Amino acid sequence: MATTATPLPGGQRPNIPSAAVRFPAIKTYDQVDREIAGTLGPSLGWFGALGIAILCMLIGATAWTYQIHEGLGAAGYQPPVMWGVYIVTFVFWVGIGHAGTLISAILYLFRAGFRTSIYRASEAMTVFAVMTAGLFPILHLGRPWKFFWLIPYPNWRLIWPNPKSPLVWDVFAILTYLTISSTFLYIGLIPDIAILRDREKNPIRKAILSQLSLGWRNSDREWRHFTRAYLFLAAFATPLVLSVHSVVSFDFAMALTPGWHATIFPPYFVAGAIFSGIGMVFTIAIPLRKAFKLEHYITLNDLDAAAKLCLFTSSVVGLAYLTEFQVAWMSGNRFEQDYFWNRVFGQWAWAAWIMLICNVVLPLSLWSQKLRRNPAWLFILSLFINLGMWFERFVIVVPSLSHEFEPWQWGTYRPTWVDYSILLGSFGWFFMWFLLFIKQLPVMAMAEIKEVILPPMRRRRDFSHDLTQGVVDPDETGATH
Amino acid sequence: MSQDTKKPGVKRREFLKVLGATSAAVAAAGCSEETGKLIPYLVSPDQTVPGVSTYYATTCRECSAACGLIAETRDGRAIKLEGNPDHPVNHGALCARGQSALQGLYNPDRFRSPMVNEGGAWKVITWDDAITRLSQGITQTRGANRAGGAVFINQHESGSFPRFLDTWLAGFGMPPHLSVDFESDAAAIEANRRTYGVAWPSLSFKDAKIIVSFGADFLDSWGANVPQQLDFADARARLDGAPRFVYIGPRRSLTGLNADEWIACKPGGELAIANALAGKGSIQQAATDAGVDQAALQALATELAANKPALVLSGVSGESALDVALAVAAINQASGAVGVTIKPAQPLTGFEGIAHTDQLLGAVERMRAGQVSVAFVRGVNPAYHLPKASNFADAFAKVPLRVSFSSFPDETTELCNLIIPDLHSLESWGDAEPIRGTIALQQPVMDPVFPTNSKTIPVAPGTADVLIQVAKKDATVASKFAAPDYRATLIAGFPGGAQALGAALPKGLAAGTIPARTLAAAPAVAPKTTSIASTQGEFFLITYPSPLLGDGRGANKPWLQELPDPVTKVSWSSWIEIHPETAQRLGIDRGDILEVKTANGTVRAPAFPYLGVHKDAIAIPFGRGHRAAHAMPMFDPKTHTVGEVQWGYGRYARDLGINAFDLLPVGTHAAGGFIWTATKASVSKTGDNEALPSTEGSARQHGRGIAQAVNAADLNKPGAGEGGEAKEALPGDASHAFLPGLRSPVAADAQGDLGAPTAADQGKNKGLYREDDIRGMAKRRWAMTIDLARCTGCSACITACNAENNVPTVGAFWQNATIYADQKPGFNITRGREMTWIRLERYFEGNPDGKFGQDFETRFVPMLCQHCGNAPCEPVCPVYATYHAPDGLNVQVYNRCVGTRYCSNNCPYKVRYFNWFGYGEVDRKQYAFPEPLNWQLNPDVTVRGKGVMEKCSFCVQRIREAENRATLEHRELQPDEFTVACAQGCPSRAITFGDAADPNWTVAQLANDKRAYHVFEELNTYTAVVYLKKVNHPAAGATAPRA
Amino acid sequence: MQGVLGAFREIDSAVEAIEDLKKERFGDITVFTPTPRHEFEHVMAHGPSKVRIFTLIFGLAGVTFGYWIPVWISDYWPLVVGGKAIATWVPFTILGFEVMVLVGGLATVFAMFALAHIPRLTMTVGYDARFSGAHFGVWVVTDPDRADDAMTVLKKHGAEEVRRER
């Protein structure tokens, strides 16, 4: 997958560059530990960023408190638009989450080399994004204090949720996703925590890290089961990530509502999710590599490869948009046709065009390799992608509801300060966790980078064969012995 | 279809009469001494069973028609008003205003005790004190020999009270009272009197071959609208030989929207047309004068000549009103209508003895001249109704003693210096003679809402009782008033005395007549008016009483404020109607604030582009724009203290919208009536715009076939039931495919899944429908038919539903969020957050480009929860808060609802309503039932909390009540034994409710009608609500309008 | 437990040392490596991990439970919604799948813990902090009399440090 500008040394599998190419600037194990562990520990700028994030979160929390007291009317709901900013933002964050799992799990199975340096950060992003998304279904309830009624648990009332409802499928999907992705993150962290533990001088921190590392000793037995378990987790996470956003899309696809009732939704949503996720990865990784001086870990090749994935998903999404219109047009269904016309040329044109430009037009720039290898541009583009993907969900949720079967009940939607504050709060909440993470735990998998680079040798020998297997599942060869 | 006119609910009424028979005694307790305060009983009287309603027959006093009421009371509190099915006038139907009388009774801004104004400050006084002050005041006046200069302005009502009042006045040497009804049509009354010798003959639409109305809005507020509507619906629902209805006038009112043809003449043009039709003057001339299409007029003339008898009505209120009325009378006589469609033999006596506006104005002039020593006002609000130009306030101020008997802090009362609040008609005794030869009794259905503040007077007295007590204090007069109180007086005057009265009370009716008050013949009237032609301005100004708020007296009732105007669908706000074409020319958009200027005043209100107003005219309704004499702070439920007087007609009316009377000159026509269309006006844009609080989304159907219609001519053609011209064929469209689904509890039955077991189904798991399920097998499928040929769009069903199901009103300006929230009146309505479980959709067909023309048609569709067999809302609910009951009901479980609102998103009919705020929570500013409005709440229905979804339940509480009653009496439910609130209240009997699975119910038969169709049938929702297509009667050769 | 611990800088030295130790019939050898290397896999020649069995079994258990739960719920209190059948199998596949992933995934993790003997609360003998950094460690369990031989083997292959532990 990750072809690169510089030609490969002969005799290697073309799709897996040698360490010399992957990380030319990383020579020794010590250097890895030094540089990555060196990123830990708070800095002034970090405190500033954290402060802003917490402030935003508090604004959102205040708005929510007020909304709970006053009733949902405090938000801008305007029947028939019964779902608004909250559901839009929910889908947005779930989507963000998906890229992380894609990179850490799917690319792991596909042996995509550029995964190594960014997967830890994106996995963390996944967990925190899902934590954020998970708030919104609760937060948009009329009676949020009763949210647990959606969870199937034995209770004295002897009543259970309705397993036919897509919202209950959501509960299962989101909770499973949260559990599995956070487990996946933690398992991957264990060897690195062990590294930190062994480097740590401060006895208290050492004690904590020892607990967290579960007494990991890097023994061959541990590694053997670890790699295999990691593989299976990846194998589970891969279909999971596809299923979760399909289930989210069922919230819409299972309804009669024109503009929702479409079979294309699951693939369309999954592609959109990965697209938005890659966008967020750029938004996070590019400042990160700069701030932490890790340009030689997250190399231009990595960004280039990710950008291609971004371009690909963008075109899938674009195709989905077109398909929707084509289906509506050919369906001969008056309701669908009216709705889609209203979407692009009617009252919601502005939103629809923001979506189209940000998600379909701008990413076309990634056909140029120059721009693909230009972090500044990728960062700017990623902001547009985030914006565009938020508006994609907006366009799906709001216009459909505002223009349904009953002309008498056609309406519009105007969010209030409460909606906006809570939207802001969700970003505060997300970045608060992420910032806390990057200063406590390594944003890159040290052990795995060591796996890719040249091991210390007494005699010069061509290790290229082994190196090519740097990211290969050990059992493949282990078993054949 | 007229056979079901009286059917629904009758059995229930029979039952209540049995109860009612024992109720006279309880009623008597209304003025007895047991209870002072109204709290639920600790030890209940024998007659009342907690949780079981008691029903009292009484009479409605909201307008002059005096319809019969059945008041449902629970634990001594009136909770619902319904029409009295035995009543000769309204036959069990009741309009929105009548039903809202409850909110007058329980109005939080009612005076709780007498008050006196001393040195500009209001002071609460005891009843004794009030009565003493009144009699002293009168004694002084007599002492000064100025009693002859007294003026008593009373709200017009029929029955004994007017005569009683005159006797009382005469006793003190005062002249007879003025009986004022601003909504009455003086011209029509005068013409009737001259032509038939009675004020108001009863009308029979059924017997007419054609109906022509010159601005007579007999469905809104003209005459006795309930009986008229009932009869009109019966006439129009005939599938063959139903009369065509032509409406002539500059504005298409609700009545006009129900017409098959609208001849849009310019204001004042009616006279020419009427004359021409009466044979005086040429059609051609008339066409040019009135600015209408000559061909159409000619066609009408021919049609009138061909179809006899006709029913032609005049409700014009211009300077030529009387002439039009007389010309119309001539047309009627010519077409042999007298005795057939117009029955002077059975006059509605409620319209006798109404004082002309010019008499009132005369009184005002006398006040101005300082000749008036004492003025009494009761139930009338001249300070609001008389145009500014009349300077009523100044004149009134010249009267030394100004007594108000009003229950509400209205404009006039604020100008008085002594307030002795009257009891509400539901708290007091009285009688009426709605139609000659029938006495309708008015009895207290409960103790007065507010306790007395006096030791010696145990229960707050009504005005009549106050008058008696005053009389007793005066030796000379006392002899005339022997009876202890007004009730006794009534009994004394009643043919047959106490016995007969007691016997008559349960039905509330008795044969006999009430001696009319003797009135000096009204002096010949000299019209005081300047010709409209001579006034300035580019538009004719049409003003009309709102069909809901009337002349303004409804404005303090939240139900009526919230109820969207049947024509414009605007609530909680005034508006200015202007034709779209004109609006386009002036660059006026919907909601643009217009400034309307006449010689007499200026108002500002949002514009409402409306196809149904003449393009040279603008129209403004009466009813809103109540103001306090001195500025009052905006009402705030948080800081408001009970008893603090809300001047300006109460919290719900004050500073809301504009008062169109401010624009009018003081003009009366030849019949002495007030001229509503009296001046031209100039219109200018202010540049501001505000969203109108309107429930209207799109006024067009976009070919979706929600309201379908069929031409009368095509009715009997084969396949008339199929399709429908306004409906485009949609995928899966198949007419009457829904019928099997309608026959069974869930539509899946139609697909052979669930429901009543066949032999093949034995042992199959059927969920609720399992043989071994404790709730038993489904027996019924509750369903509803709505006949659009009957529905007039009057919206009474909505009020009935509000009352029955505790639906909150949400439009008051303080019912929005607290922080950074818009405090505009009706803001929640603007946000589309109205809660009414049933709504009336008003779709226009024709004139899609808004060009001026009469060939547009209107279709009203009552839209409520369709209780789908395959309900899309059910499977998406994560917590089973909505599911399907065995008898086909789509149930909403409030306690289980967590408020995901997914059900609403998935409802194609959008009939689910969400509690955005805690409308039912006492300590919130959004609280919809401020004490004592909450006394009206129906104990059978939960008041929904914050954050839950609610919707039409098909009045499940009534269903269960009937079922339980049947069970107790060891019998099956009888067909049509009971009905739901909207069906019961519907004045045109358009709604029929029942068990569609049992062919003996009317609803099951109606569902077979060839006009039957389902809305969005192609969605396979198998709804339980079946609509019957509207029937159009286009003029010969005219093509039906297209959407 | 007694034995000898050798710390190597270079991976090939460590590998060769292990090969020799095996020739010398030193049975119980543990390798500590900062990152999984195939060289050690080859030389240690352990069979494949047993984790896969747990994953399979619990995955199957999960999907069964995931199907059963909604069916039981629907039948336990049979309410008709939308005119659909009481127990609708097709959509329940979603729940079946999600529960499979949940149970299977967690089972995998716990199986890994069990098989790899973690979490362990104390660092037992024979571990050195360097092994998580840049050093490869070889830990030979042996009785004292053969300890010297082991040490010589390790030294011979250029162990940076060799020490006895007890």
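None of these values were measured; they are calculated from a predicted model.
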Cation-pi check, B:R833 to B:W916: give yes when NZ or CZ is under 6.0 Å from the six-membered ring centre and within 45° of the ring axis, no otherwise.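 Judged by the rule, B:R833 and B:W916 form a cation-pi pair.
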Check whether B:Y894 forms a cation-pi arrangement with B:R944 (NZ or CZ under 6.0 Å from the six-membered ring centre, at most 45° off the ring normal).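 So B:R944 does make the cation-pi contact.
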Non-hydrogen contacts under 4.5 angstrom with chain B: give the residues of residues 411-423 of chain A involved, or none if there are none.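 A:R414, A:T416, A:W417, listed by number.
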For the residue pair A:W64 and A:Y86, is the inter-centroid distance of their aromatic rings smaller than 6.0 Å?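 Ring centroids of A:W64 and A:Y86 are no less than 6.0 Å from each other.
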Please determine, by modelled atom types, if A:Q347 and A:N342 share a side-chain donor-acceptor pair under 3.5 angstrom. yes
Flag for B:R590-B:S694: side-chain donor and acceptor within less than 3.5 Å: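 Side chains of B:S694 and B:R590: pair found under 3.5 Å.
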With a 4.5 angstrom heavy-atom cut-off, could you sort out which part of [X] is near chain A: side chain, backbone, both or neither?
X      : result
B:E874 : backbone
B:I829 : neither
B:T830 : backbone
B:R924 : side chain

Sequence-distant partners of B:R831, salt bridge (Lys or Arg N to Asp or Glu O under 4.0 Å), two or more places apart: none
Which atoms of A:F148 approach chain B - backbone, side chain, both or neither, heavy atom under 4.5 Å: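 Neither part, no heavy atoms under 4.5 Å.
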Which bit of A:W169 is near chain B, if near means a heavy-atom gap under 4.5 Å: side chain, backbone, both or neither? neither
Pick one: which of A:W341, A:F405, A:W260 meets ring-ring contact (aromatic ring centres under 6.0 Å, His included) with A:F335? A:F405
Main-chain N/O of B:L864 paired to B:Q866 side chain as donor or acceptor, under 3.5 Å: yes
When you check the gap from the basic side-chain N to the acidic O, do A:E406 and B:R704 get nearer than 4.0 Å? no
